[in-house]
Amino acid sequence: MSKSSSTDTQIIAIANQKGGVGKTTTSLNLAAALARHRRVLLVDLDPQGNASTGLGIAYDDRKRGSYDALMGESEPTSLPRPTNIAQLDIIPANADLAGVEIEMIDQDRREYRLRDVLQTVEGLYDIILIDCPPSLGLLTLNALVAARSVLVPLQCEFFALEGISQLVRTIERVRMAFNADLCLEGIVLTMYDKRNNLSALVADDARNFFGGQIYDTIIPRNIRISEAQSHGQSVLDYDARSTGAMAYKALAAELLNRLKRK
Ligand SMILES: Nc1ncnc2c1ncn2[C@@H]1O[C@H](COP(=O)(O)OP(=O)(O)OP(=O)(O)O)[C@@H](O)[C@H]1O
Ligand SMILES: [Mg+2]
């Protein structure tokens, strides 16, 4: 495993304000696949807490989490907790996260809260992934200010590209106002159904529009992926030979390759 200093930790926000496009599924399965090669931290920044549930984190183990990170109420190093997967830690979402955007509204440095916390713990990890909620509010803003890059899951469905230009504009604005280093890591096509012509059309459209920013790896629609989540497991642990598991392993390999080339 490579040794990292705090300066070469990659912090990647997984974001798309559209709901149900595969942000959480990509966050947790990519994190699990990357953890086979690197030390990984997953931050669950969505009040729905799906990434925490999908990795089998019990509610009792969520007393401290991303709410405390944003409110500055706990020592940052006390926030990450281990998962059942070696080399993968998580800062889970706790219940109070649902109201945190309103609580933070009149606070100082409200856009930098997550960045401040991650700067304290990043030396412990090679890669930090942040699962964002389906909005461009203060939670996602905290992720974009803390991150080096943004990975965008794009569902191969109707209206997939709608909203992407708004996301790209948001990244641009965050870069100008808060985080000059922020870039688009890439776009991952998710829930690809090879029996559905629409999937192929969306993939072609996306490639024509975004070219090399679209990852070569495509995540297929695969029932094992959603079953795994309901068992609190990554698809790699739930069914290592499924097309879903192989796709997320390939995505991790492609991401590591692209990071090397930067
Ligand atoms: N490749 C896939 N194959 C089959 N089911 C999938 C796949 N990817 C995601 N799903 C399922 O689709 C649903 C939405 O996925 P997910 O929760 O990852 O999206 P999301 O973008 O995080 O949603 P939200 O915007 O609500 O946070 C989930 O039930 C998930 O299990
Ligand atoms: Mg989600």
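Both counts, for ligands and for their atoms, begin at 1 and track the order of listing.
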Is [atom] less than 4.0 angstrom from at least one protein heavy atom?
atom                    : result
atom 13 (C) of ligand 1 : no
atom 4 (C) of ligand 1  : yes
atom 29 (O) of ligand 1 : no

Under 4.0 Å from a heavy atom of [X]: which atoms of ligand 1 are those, numbered in the order shown and with their elements?
X      : result
Asp46  : 27 (O)
Val21  : 19 (O), 20 (P), 21 (O)
Asn222 : 2 (C), 3 (N), 4 (C)
Gly19  : 25 (O)

Would you say the side-chain atoms of [X] and [Y] include a donor-acceptor pair closer than 3.5 Å?
X      : Y      : value
Glu122 : Thr9   : no
Gln10  : Ser149 : no
Glu103 : Tyr67  : yes
Asn50  : Thr53  : no

- Does Arg258 make a cation-pi contact with Tyr215 (under 6.0 Å, within 45 degrees of the axis)? yes
- Message: Can you confirm if the NZ or CZ of Arg109 lies within 45° of the ring axis of Tyr112 and under 6.0 Å from the centre of its six-membered ring?
- Response: yes
- Query: Judged by atom type as modelled, is there a donor-acceptor pair below 3.5 Å linking the side chain of Arg113 to the main-chain atoms of Asp108?
  - Reply: yes
- Query: Does Asn94 reach the main-chain N or O of Lys63 with its side chain, forming a donor-acceptor pair under 3.5 Å?
  - Reply: yes
Considering only heavy atoms, does [X] approach ligand 1 within less than 4.0 Å through its side chain, its backbone, both, or neither?
X      : result
Ile225 : side chain
Pro220 : backbone
Gln229 : side chain
Asp131 : neither
Ile219 : side chain

For [atom], what's the nearest protein heavy-atom neighbour? Residue, atom name and distance, please.
atom                    : answer
atom 24 (P) of ligand 1 : Gly20 N, 3.5 Å
atom 17 (O) of ligand 1 : Thr24 CB, 4.0 Å
atom 20 (P) of ligand 1 : Lys23 N, 3.5 Å
atom 16 (P) of ligand 1 : Thr25 OG1, 3.5 Å
atom 31 (O) of ligand 1 : Ser226 CB, 3.2 Å
atom 26 (O) of ligand 1 : Gln48 NE2, 3.1 Å

- Where do Gln107 and Met71 come nearest, in terms of heavy atoms and distance? NE2-CE, 3.5 Å
Is there any N or O on [X] that sits under 3.5 Å from an N or O of ligand 1?
X      : value
Gly22  : yes
Arg221 : no
Asn50  : no
Thr26  : no

- Query: Going through the distances and angles, do Glu172 and Arg169 end up as a salt bridge (charged side-chain N to carboxylate O under 4.0 Å, His left out)?
  - Reply: CA-CA 5 Å; Glu172 189 57 42; Arg169 272 198 308 277; over 6 Å; no
- Show the numbers, then the answer: is there a salt bridge (charged side-chain N to carboxylate O under 4.0 Å, His left out) between Asp193 and Arg221? CA-CA 6 Å; Asp193 182 350; Arg221 187 174 276 286; 5.1 Å; no
- Query: Are side-chain heavy atoms of Val152 and Ile164 found at a separation under 4.5 Å?
  - Reply: yes
- Check step by step if side chain to side chain donor-acceptor pair (under 3.5 Å) holds for Ser52 and Asp44. CA-CA 7 Å; Ser52 310; Asp44 186 351; 2.6 Å; yes
- Task: Decide, counting backbone as well as side-chain atoms, whether Thr25 has an N, O or S atom less than 2.8 Å from the Mg ion (ligand 2).
- Result: no
- Query: For atom 8 (N) of ligand 1, which of Lys18, Gln17, Met191 has the closest heavy atom?
  - Reply: Met191
- Message: Walk me through whether Tyr248 and Thr217 qualify under side chain to side chain donor-acceptor pair (under 3.5 Å).
- Response: CA-CA 8 Å; Tyr248 276 109; Thr217 309; over 6 Å; no
